[in-house]
Amino acid sequence: MEHCEVLSKKVIEFKPPVYEQRYYFVKNLVNQHGHKKIADLGFGDATLLWMLKYHRCVQYLVGVDIAAKPFEWGGGRLSPGVGSYIIPRELDLTITLYRGSAVQKDSRLCGFDLITCIELIEHLDSEDLAKFPEVVFGYFSPGMVVISTPNSEFNPLFPASTFRDPDHRFEWNRKQFQMWALDVAKLYHYSVEFSGVGDPPAGAEHVGYCTQIGVFQKNSTKPTELSISEPEEHVYEVVYTTSYPSLQQSKYFRFTLSIEAVKAIDLMKSRFLRGPRRKEGDRVVPLGSCTPQHGLTEAQRAEIEQSPKPYSVGEKFYVPLERLLAYPKVNRLVAGSTEKLRTVLAEGLRLNGDQTAVQVELVDYHTQRLFDEHLVSPALES
Amino acid sequence: VQAASLKERNHFGGIFRDHVVDTRQYLDHVRQSTAGTQGRPVKLFANHFRVTSRPQQITYKYNIDYMPDIEDRQVRSELLLQHKAIIRKCYIFDGTSLLLPHKLRSPKMELVSLLRKQVVKVTIEFTSELMPTSPDCLRYYNILFRRILKMMELEQVGRNYYNNLISHLMCSICRLVIWPGYVTSILEYETSITLCADVNHKLFRMQTAYDLISDIRDGFPTKQELQEQVSKRLVGSVVSTMYNNKTYRVDAINWEETPRTTFKTSDGAEITFVEYYKTQRYDQVVTELNQPLLISKGKWQKSKQDTPHEPILLVPQLCNLTGLTDELRKNYRVMRDLALHMRLDPEKRQHELRKLMNTIQTNKEIQRELQLWDLKFDGSLLSFSGRILKEVRIFQGRRVFDSHPQFADWTKETRSGPLLNVKSLDHWLILYPTGYYRAASSFLQSLRRVTPTMGIAMKEAKMLQVSHSVQSYTTTLENHASSKTQMVVCVLSSEKKELYDSIKQYLCVSCPIPSQCVIARTLDKPQTLLTIATNIAQQMNCKMGGALWKVETGLQNAMFIGIDCFHDTVNQQKSIAGFVSSINQELTQWFSQCIFQKSGQELVNGLKACLEAALKLWCKHNLFLPQAIIVYRDGVGDGQLQALLDYEVPQIESSLKSVVKLTFIVVKKRINTRFFVESEGRLRNPLPGTVIDVEVTKRQWYDFFIVSQSVKDGTVTPTHYNVIHDTVRFTPDRIQHLTYRLCHMYYNLAGVIRVPAPCHYAHKLAYLVGQSIHQEPHHSLASRLFYL
């Protein structure tokens, strides 16, 4: 109990907690820049990586930690679950965790868009700290580097006057950090901006943020092709790797497209059965709209309305591919190509004779309910 | 999150609690053996793998405490593992306690862990030494195994299953995804510890809760209709949020709020659901701003029903539906297709199990983990000898026949002659909705054709036309039903639950007359109409107090009781226990009572009153008290065995005069153990009447399995019987025969069922009362099978 009380006195409460603020700081950067390849040096409990895996733009996520253990990462929250298979991502995503140090060169870390070093440098001894810029900025040379570290000016606000963590080798004030950062930036052709998270309490604004952050942006806009000349160096040990299903992979694409098509067909069918319709030759055509009233904008609905209408012949219901293509989700998946839609749907669904429409049963378990509710049968009998 | 983590911690609790209850110690007469000898021996296989090696040394159990307390199990584990140097590689952690193969330096260690740079004090305190044979050890092995299984499932999903998934989806099951997995348990049985493994499927629907809501909206309902229909179809269902792979049960719909509503995050900031999902966490885009929110009160648990917890709000668009709807269940084609994929026949099941075993034996990581504990499994299915009981003779009037040995069925035989005890239909009504006169009259004609053979004298029914409304049915009944009316047949135009419920309510409570509802669609097909008429005539005969056939139990002056429960966890209404007792020696008449309990409560409290009424009626019929009472108790959850012994059995005994003997048998249908026989090089289902009372039964129990029914496809599920109290002193052979015979006495099927008839009657009764009438049925119906 005693211990607890001491703890609560010690801590200035941040809302959200500072560690979370640091992660959101990174997430915001990723949202702004749409980074594709991101590495987190010193990933710890992998919380940041886990938060980053949800970004659509991210395709490669790498974590490096000197204490990464092989077995514990089997599964865990970085691995794709059922949901990732059922609703696949748009773009591929590979996550790899390495055991290794931020001051060791490994060519697999070259060519990244963003490398984050959250609360990492203060754990490096002077020798490693000296090597660090050459490895991260010089060798890995990513488009952007984010480095966060405690701001020692904030420390007097904490009851204990020592370092925040027994493993910290140093804690810099703003000037010390900025000088170091500007030197590094200059040497490796980066520009740096300073920021931070963890606002100081009222009245103590002069101490600055609890955590100071440097965002380094590489000056040359073109990706350097330096790494080609360097030999491949694989020093890090892979402790975990996984890849996510995505729409870039054919089977998941086919799966998702089929689902979207079937959803659209089912909705059309239930509107068709509920609404008035007329016999034209051997076809029964809808008199009203077969477009769902919800989930679409006016413009999208109008677009659908203009496409060829679905119809039924006997017990079968036909939906022209052109009609399906007017549905925004379907359209986006096949990028407007009827041919693509036809090829995929032909694998699992039946198409009509000239391959221009999908043929399904007029009454199946989705529409059976409508019959039960007496919405339809009188209309059909007449 | 809290509820989930706690639940996980207690996952195996129930089974383990039951497995340490020694009920056999009080049963002198089976001290030597609980195995029978009669019947034809047959070589069987079970879905069990023997554990061939496990730690033979003492292991050490430590309690782990956190200061401040940490709820999340994953975090607890991570904090503890910061001290791997002390714990070392080999450990099993269940969230609160740690099992180690070695002793730590000191019995109590206070360690400091860091949780995001904050200090958490972790105390490791020695609690006990576990002998290698201790049941607690097994609990830890199960935890270890679950960890392994999780690893493996993910791997398998990635490797094998996804291809099948697409083919599943593309057939007529459209929009359903079957997700395969395994369920396993390591437990101790008669002579060995085994790993029981079975294939276990999950069903996901490729439809979000929002899709369902818009589908309903699309029919232009009024606001009230919309809310009613959405509630009806969503409340009680389980949804899955794909972005984080969690499942929630929907408890209510919040129509006042939308995804644009703000809520307070844990750090006190106000944020809308749209922003939260987009920027804060999952990069999920909520496009539909005009949708209600789903409310989930968290996982429903019996023990936690009174503790309040913050409800969780969910955005329908991000919630996928899971499981089957009632509509799907009723759909023959869908169910057939699903069965094709999910109901594995013995051969396919075996194949899957071998695949599992193979992965366990060959995967390096799994082997490394198992070797740490010296755990090894036999690679082949456990095999032993079972017995097939003699066929049971069916007596129907002067006719005697055997059930078909392969299919456990006597439909043909029972149709070709008079029933055991017929009731004539003199005064009865048929209600049919407008437009269904033809269906009703062709039904009546068919009844006229089939009843003479059965020996049923049938007079003309009064045909009454009604409109489709509930009101119309009840007013017509009010006007036409009298005390003379023996039977009411209601033709329904659709399977509308409200209509069915109201009719049943009216005819079971307000105006007690046996009734029979028929969906018009089932009368549509001329080719099956005669069969249907026969079935309905039999059913009506039973509902009026007649009897179809009987079997010889070989037991005189015994009263049989079946008990089962219905839990309405969705509407948090009361639970209902059905209590069905025999009235006559032939076991053709049954007395049905119900007990209402608080929701989720399993143990029957009003037993005493029921039993006294049952005894009174038996006495009235037979003029003396029964010598023995045999109770078949179904609907018992895991972990309640001790409670049955402590409360239920004494409650029953206390109302019995000491001369009346009592046998109390716990019936379990939901079990993972399966049996196979080999013939012509393939594994098949065992024949009906196969009894198993060795190897996979328990040393501390007087228990056995019976495979009583026959299934067309898939693997048959045996029923487990556990005799926990037996002053009648049945030999294993006698109780097994008796139990099997009782499975032949269910009057809604001319075949053998999974449980003794009184259990199934109790189930049907509890279900009808719980689902439809929600109150006690009128006592005048109690001695008839009105719920059949």
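Below, read A as the first sequence line, B as the second, and so on, with proteins coming before strands; counting in each chain starts at 1. Keep in mind the model is a prediction, meaning the values are calculated, not measured.
- Residue B:Gln284 touches chain A through its backbone alone, counting heavy-atom pairs closer than 4.5 Å.
- Side-chain contact annotation: A:Ser148 with A:Glu119, donor-acceptor N/O pair under 3.5 Å present.
- Using a 4.5 Å cut-off between heavy atoms, B:Asn290 does not touch chain A at all.
- The pair A:Arg332-A:Glu260 does not count as a salt bridge, with every side-chain nitrogen at least 4.0 angstrom from each carboxylate oxygen.
- Two residues are said to be in side-chain contact when any heavy atoms from C-beta on lie closer than 4.5 Å; B:Arg205 and B:Leu212 meet this criterion.
- If you tally non-hydrogen atom pairs under 4.5 Å between each of B:Gln291, B:Arg217, B:Glu288 and chain A, the highest count goes to B:Arg217.
- Atom CZ of A:Arg56 has more than 12 neighbouring heavy atoms from other residues, nucleotides or ligands inside a 6.0 Å radius.
- Using a 30° and 60° split on the angle between ring planes, B:Tyr243 and B:Tyr282 fall in the tilted class, from 30° to 60°.
- Interface remark: of the candidates B:Ile213, B:Asp211, B:Thr287, B:Thr241, B:Asp211 forms the most heavy-atom pairs closer than 4.5 Å to chain A.
- Contacts of B:Phe204 with chain A are made by side-chain atoms alone, with heavy-atom separations under 4.5 Å and no backbone atom involved.
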